[in-house]
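For reference, the structure discussed in these notes is given below.
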Amino acid sequence: MILNDKVNEKLFKSLAELLIEKPYEKIKVIDICKNANIPRSTFYYHFNDKNELLQFGIKKISGEITTEVMEIEADNFPDYADQLKNISLNYLKEYEDVYSALAKNDKEIVSLKIICNMIKEDIKEKIHNEYTDNGSDISIDFTIEFIIGGYENLARYWFKNNDRYSLDDVKNTLLVSKPFLVRIIKENLKEKNEKNSN
């Protein structure tokens, strides 16, 4: 099984390298195999086509960040947000070439959506546990949907325009948005408490 994993990873790395050079549609299985120095028969033993290889790679990437996010230990939401920001920035940097190539070729970045949904649910749980005392609060859920959607769009935009903007630009945007997120949540809760007390 370890050998299979190494072959799969080598093939995906080869695909990722080729995505930097040319559009996904122009990459052939033979190109991936030549770049990885792996016979085509070995490729077809592991995958039916390049789409299946791409799906493998996206699942691998999604699984890595999901594990990291789920292992965050923080005493409060602002600390959690700091750790999440650092994990997200490392993720963007590590997979910049793959996602940029896909985004610039208008490919659906499925793993980005999966990761954002997972992070969104984790954030909802943490906020509800820390800031509310009775389960779901619709205004907080809407706020989180809005903010995570913004983060997802920011990442997608940066992947498409990383030749114009640096990762530091993304980092600065995230730094500015953290206090905004915490303030919005607290204002929503304050408003809810005022309505409940009347």
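Across every non-hydrogen atom of Q83 and E73, the tightest pair is NE2-O, 3.0 Å.
Between the K10 side chain and the A36 main chain, a donor and an acceptor come within less than 3.5 Å of each other. No donor-acceptor pair closer than 3.5 Å links the side chain of E17 to the backbone N or O of N35. In this structure, K50 contributes its side chain and K28 its backbone to no donor-acceptor pair below 3.5 Å. With hydrogens and angles disregarded, a donor-acceptor distance shorter than 3.5 Å links the side chain of D49 to the backbone of E52. Side-chain atoms of N90 never come within 3.5 Å of backbone atoms of I87 as a donor-acceptor pair (strictly under, hydrogens ignored). Here the side chain of W158 pairs a donor or acceptor atom with the backbone of Y165 at under 3.5 angstrom.
When I27, L19, I32 are each tested for a side chain to side chain contact (heavy atoms under 4.5 Å, CB included) with S14, only one passes: I32.
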message = What verdict does the side chain to side chain donor-acceptor pair (under 3.5 Å) test give for Y24 and N51, after you've listed the backbone C-alpha separation in whole Å, the side-chain angles of each residue and the deciding distance to 0.1 Å?
response = CA-CA 10 Å; Y24 178 75; N51 294 330; 2.4 Å; yes

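For the atom pair NZ (K26) and CD (E21), the distance works out to 13.5 Å, reported to the nearest 0.5 Å. We find the CD1-OH distance between I38 and Y45 to be 14.0 Å, quoted to the nearest 0.5 Å. To the nearest 0.5 Å, atoms CG (L167) and CG (N172) are separated by 10.0 Å.
Scored by the salt bridge (charged side-chain N to carboxylate O under 4.0 Å, His left out) test, D31 finds K22 as partners (sequence neighbours excluded). With sequence neighbours excluded, the residues that form a side-chain contact (heavy atoms from CB on, under 4.5 Å) with K60 are E9, F56, E64.
Residues F47 and N8 form a side-chain contact, since some pair of their non-hydrogen atoms from C-beta on lies under 4.5 Å apart.
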